[in-house]
Amino acid sequence: MRDPDATRFIPRTAGVPMAASRWPTADPDVLRPYDALATQVMPRIKDAPLARPAEPSAPEQPKDEGPSVAKASGRMAIASLISRITGFLWKVLLVAAVGSSVVTDSFNVANTMPNIIFELLLGGVLTSVVVPLLVRSQDDPDKGEAYAQRLLTTGITVLLVGTVIAVIAAPAFTALYIDPNGNASTGLTTAFAYLLLPEIFFYGLFALVSAMLNAKHVFGPTAWAPVVNNLVVIFVILVIWVLPGSIDEKSPSLTDPKLLILGLGVTGGIAAQSLMLIPPLLRSGFRPRWRWGLDSRMKEFGGLALWVVGYVGVSQVGLTITTRVLTKGAQGSVTAYNYAWLLFQLPYGVLGVSLLTAIMPRLSRAAADGDTKKLVADLSYASRISTVTLVPISAVMTIVGTSMGVALFALGKGDQSNAERLGQALAISAFALLPYALVMLQMRVFYAMKDARTPTLIMIVMTVVKIPLLFLCPMLLSPGNVVLGVMMVNALTYVVGAMLGQVWLWVTLGNLRSKRVIGVILFTVVASVLGVGAAWLVGLIVPSSLGLIGQAWVKLFLQGFVGIAVSFGVLMALKVEELRPVTSRFTRLIKRG
């Protein structure tokens with residue numbers, strides 16, 4: 001039985017001209033091969049023969065393009081949404097269980113160390129360079145099996161050695177990230193670090209296997225694995241909550257039951273997240289094998305890796321100074337910054353990461369084929385989709401930021417003033433959500449072109465702009481407002497990065513179809529302003545008699561719903577083409593329900 005939606009080739013009648021009025025030309029930006037709405041299907045003409053295109057004399061086997069990016073990113077968006085919600089839930093529960101003071105600050109500083117060291121060791125390389133090189137290696141007779149085995153062997157070895165050294169050097173890392181004159185606890189941070197630094201190995205294993213699966217167009221397991229991690233950590237925090245007593249912040253000890261359970265439990269969650277990817281990798285046909293030695297591509301990998309490590313190193317300099325500046329602020333500033341940053345990234349994590357993960361193999365293939373036109377079209381499409389989905393959300397976050405902070409972090413042992421400050425930090429930095437997403441997209445394009453040098457240079461400029469502004473924060477602001485200044489500086493840095501990256505890509509690739517992107521941005525900003533205005537108006541009717549927390553929850557849901565509904569409603573009324581894949585998918589989900 002024929003698929004009614006299949007593309008039908010209608011033979012041209014000899015001597016009949018193809019009139020432009022009857023056959024409108026298609027905008028190449030709209031007809032993307034991965035867009036769910038890309039194929040404009042014309043109703044079949046009754047009794048018209050279905051012709052096949054002429055076969056070439058030497059037919060080529062089409063390259064495996066993988067699944068539709070619209071479908072793949074849609075499925076991953078659902079998994080990412082659940083992952084982000086459960087991930088944020090355990091952070092809310094942690095504040096409710098132990099408070100938002102020195103203990104939480106110390107835990108958060110220690111919990112960032114494995115991420116930072118992993119990124120320096122291998123993380124940036126794995127997430128940015130490995131997928132393009134794995135995609136290219138699939139042209140080998142063995143479909144890249146030997147190359148992947150060498151990467152796995154090298155990666156595991158580096159991660160094991162790096163993890164052991166990092167655990168031994170835990171006190172040195174604590175001294176690096178905590179200002180001795182600040183408000184964080186050096187002893188407690190070091191105790192947490194001993195328990196959390198083993199995460200480095202499991203972060204690396206997860207990233208390495210994820211890259212191998214993504215290169216094979218297998219996205220589901222990597223999207224759902226973090227949910228397992230979050231569920232493990234949620235269980236651990238609930239156990240801590242019901243245990244009597246509290247963590248001793250003045251004289252911490254690794255024998256403290258709560259400290260021990262929290263540290264080992266969080267590490268166990270990362271281990272579960274990484275190990276659950278092994279069965280899908282084996283099902284994909286990959287057979288693990290220790291394979292030592294370097295081939296030409298491994299040397300190529302090493303050259304790219306050096307620049308990526310430089311990129312990560314420069315970015316971590318900025319993060320280190322950020323952490324030290326935050327420890328000079330009021331107690332809870334580190335926690336407020338980390339959680340505001342997580343809230344800031346939530347929309348991007350659900351929508352932007354899903355799109356980038358699905359589009360990265362295609363960007364890599366276009367770059368490998370030297371197809372600049374397709375590469376630019378992919379970049380333009382991803383930029384416009386990011387705009388119509390993220391700008392309305394960032395605008396609404398500006399008005400509901402404070403309510404979100406109070407609603408989520410003033411529960412249990414949470415402090416209301418810290419919760420308000422967290423929400424304010426989110427509100428004043430929300431404007432940078434789109435620039436942040438564009439920077440991430442631009443970096444992927446450079447890496448797809450095997451250019452790891454340019455992202456590093458851009459990061460150097462961003463860091464040079466960022467550091468002096470960070471040092472000004474504790475000098476110009478009160479301790480309670482330091483976190484607000486740091487978030488604003490962070491946001492402005494991504495605006496600079498997005499502008500610089502766009503100019504650099506224009507120099508490299510030529511015409512980027514920026515006029516269309518700018519037009520979509522203008523339409524989306526107008527719709528978002530109307531949405532924010534509507535949200536502000538409905539916020540006026542919420543009575544103060546509900547109490548601070550009750551009022552925050554009502555405003556969060558009411559203003560959030562109205563702001564999003566009006567913003568996207570205006571975009572739909574304006575018939576913004578880039579919104580169609582989103583609305584189409586949402587409509588199909590409703591019909592299925």
State, with a plain yes or no, whether a side-chain heavy atom of [X] is found less than 4.5 Å away from one of [Y].
X	Y	value
E199	V266	yes
W341	F344	yes
M113	T189	yes
P114	F201	no
V496	L492	no
V391	I521	no
L500	Q442	no
L546	V554	yes

* Can you name the residues that form a side-chain hydrogen bond (donor to acceptor under 3.5 Å, both in side chains) with S544, not counting sequence neighbours? -> none

* To do: Please identify each residue that fulfils side-chain hydrogen bond (donor to acceptor under 3.5 Å, both in side chains) with K555, with sequence neighbours left out.
  => none

* Could you tell me whether a side-chain N or O of T86 sits under 3.5 Å from a main-chain N or O of N230, the two making a donor and an acceptor? =>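 Here the side-chain-to-backbone pair does not exist.
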
* Main-chain N/O of V486 paired to N490 side chain as donor or acceptor, under 3.5 Å -> no

Quick check for you: to the nearest 0.5 Å, what is the distance between [X] atom [atom1] and [Y] atom [atom2]?
X	Y	atom1	atom2	answer
M404	M397	CE	CE	6.0 Å
L262	I237	CG	CD1	6.5 Å
I458	F446	CD1	CZ	4.5 Å
I393	T398	CD1	OG1	12.0 Å
L93	I240	CG	CD1	11.0 Å
M488	L470	CE	CG	13.0 Å

* Check the pair N108, Y337 against side-chain contact (heavy atoms from CB on, under 4.5 Å), reporting the backbone distance first and the verdict last. => CA-CA 10 Å; N108 283 322; Y337 173 84; over 6 Å; no

If you take all heavy atoms of [X] and [Y], which pair is closest and at what distance?
X	Y	value
P226	T222	CD-O, 3.3 Å
A395	S528	CB-CB, 3.7 Å
A191	L254	O-CD2, 3.4 Å
P474	V482	CA-CG2, 4.0 Å
G531	S567	CA-OG, 3.4 Å
L277	S210	CD1-OG, 3.4 Å

Applying ring pair (Phe, Tyr, Trp, His ring centres under 6.0 Å), can you list everything that pairs with [X], at least two apart in sequence or on another chain?
X	value
W90	none
Y494	Y436
F192	F107

* **Worked verdict on K466 versus T322 for side-chain contact (heavy atoms from CB on, under 4.5 Å)** => CA-CA 9 Å; K466 181 178 185 178; T322 297; 3.6 Å; yes

* For N229 and F202, run side-chain contact (heavy atoms from CB on, under 4.5 Å): C-alpha distance rounded to whole Å, both residues' side-chain angles, the deciding distance at 0.1 Å, then the answer. => CA-CA 11 Å; N229 166 35; F202 297 108; over 6 Å; no

List the atom pairs, donor and acceptor, that lie under 3.5 Å between side-chain atoms in residues 556-564 and the rest of the protein, sequence neighbours left out.
{"from": "Q559", "atom 1": "NE2", "to": "A535", "atom 2": "O", "distance (Å)": "3.0"}

* In sequence, state the C-alpha distance, the side-chain angles, and the governing distance for T190 and T174, and then conclude on side-chain hydrogen bond (donor to acceptor under 3.5 Å, both in side chains). => CA-CA 6 Å; T190 302; T174 299; 3.1 Å; yes

